[in-house]
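What follows is a short report on a single structure.
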Amino acid sequence: MSSLTDRYLAATLRAVPAPRRAEIATELRASIEDMVEDRSAGGQDTAIAEREVLTELGNPAQLAARYADRRLQLIGPTYYLAWERLLKLLLSFVPATVGVVVGLVEATTGDNAGGAIGAGIVTALQVTVQIGFWVTLVFAVLERTGTSLDLPEWSVDQLTEGPVERDVRLTDTCASIAMLALVAAYLPWQHFQSFIDDDAGRNIPIIDPALWRSWLPALIAVLLASVVFEAVRYRTGRWTWRLFAVKAALDLAFAAPVMWLLHTDRLLNPALLRRFDWLRDGDNLATVTTVAVVGVALIVIWGLVDSAVRTYRSTR
């Protein structure tokens, strides 16, 4: 055979275990020679037949991986679904939460309050990269070492009752309702126990108590309406554009007043501002307000974009 086959064999054997190279070389060379002879017997030129045979065998690295029984994917089918579920779960809230917390801490305690928004965004991006890297690394190691996670085998008993096209999961609905309930409960709770006291040891509500005569009951009503919406959405079983419109209206009905109250310095309790002198220094209060407004806006936009994508996939 010509040097073309020799070069192909050399490229293949470089990526296989050394103890098996002689065996694989003999087997592969014999296979190539047989395939070339079959084509030549049919009247094809030997050089052309050899090139076509090697082309059909494909990339030597891929062929070597098959001989060595070596996977050519980072996360194989055994753990892919578990990896995907965990990654989506963590990315759905951890980067945003850490970014908002870091932004608020930077705005309230840092020397450079003006860079709080940038610090929050950069931190969220870094957390996203770190989550993606470490979760993927762990599953790749598990895949390579053959470690069993003892994941339950799928069975028909796991099929849920309901519409065949259901794409609203019970776990997502419960999580949304729990979050809405916590926010609705915190609004009155902070009036009695905010964990911030004045010099006399009396509780200082975070939100201006005067808003109980106007905006706070309305905001709680919107939150309760959102709980009802989540229940209706689960019962429907899938996103529709009508449900998306209702969600958008509820989200904006809550976020718009909150952002307006923040922007006009009417949301926070004046006693709270007097309690922390640094809030009255320079532009600190304006910076904190800007961070909070931008944070609320980003959360609402993220939620609406996610809902729009889900609705599009469900209705197309």
Quiz item: Ignoring hydrogens and geometry, is there a side-chain-to-backbone donor-acceptor pair from D208 to L267 under 3.5 Å?
Solution: no
Quiz item: Got more than 12 heavy atoms from elsewhere within 6.0 Å of CH2, W212?
Solution: yes
Practice problem: Could you state whether V294 and I299 fall into the same hydrophobic cluster, counting links through intermediate Ile, Leu, Val, Met, Phe, Trp or Tyr residues with side-chain heavy atoms under 4.5 angstrom apart? | Solution: no
Quiz item: Considering only heavy atoms from C-beta outward, does the side chain of L28 approach that of T12 to under 4.5 Å?
Solution: yes
Quiz item: Are Y186 and W189 an aromatic pair by the rule of ring centers under 6.0 Å?
Solution: no
Practice problem: Treating Ile, Leu, Val, Met, Phe, Trp and Tyr as nodes and any side-chain heavy-atom pair under 4.5 angstrom as an edge, say whether L224 and F254 lie in one connected cluster. | Solution: yes
Exercise. Measure across W239 and S307 and return the closest heavy-atom pair with its distance rounded to 0.1 Å.
Key: CH2-OG, 3.7 Å
Quiz item: Taking everything shown except M35 itself, do over 12 heavy atoms lie less than 6.0 Å from its CE?
Solution: yes
Quiz item: Is a side-chain donor or acceptor of R21 paired with a backbone partner of V16 at a separation under 3.5 angstrom?
Solution: yes
Quiz prompt | Heavy-atom closest pair, residues L13 and A25 | solution = CD1-CB, 3.6 Å
Quiz item: Would a hydrophobic clustering, with Ile, Leu, Val, Met, Phe, Trp and Tyr connected at side-chain separations under 4.5 Å, put W134 with L142?
Solution: no
Quiz item: For T5, which of E33, R51, E50 qualifies under side-chain hydrogen bond (donor to acceptor under 3.5 Å, both in side chains)?
Solution: E50
Practice problem: Identify the two heavy atoms, one from E230 and one from L180, that lie closest to each other, and give their separation to 0.1 Å. | Solution: CG-CD1, 4.0 Å
Quiz item: Any chain of hydrophobic side-chain contacts (each under 4.5 Å) joining W260 to V222?
Solution: yes
Quiz item: Y80 vs W83 aromatic rings, parallel, tilted or perpendicular, using cut-offs 30° and 60°?
Solution: tilted
Self-check item: Atom CH2 of W302: over 12 foreign heavy atoms under 6.0 Å
Solution: no
Quiz prompt | Check: Q44 main-chain N/O paired with R39 side-chain donor or acceptor under 3.5 Å | solution = no
Self-check item: Cluster overlap V258 with L252, hydrophobic side-chain contacts below 4.5 Å
Solution: yes
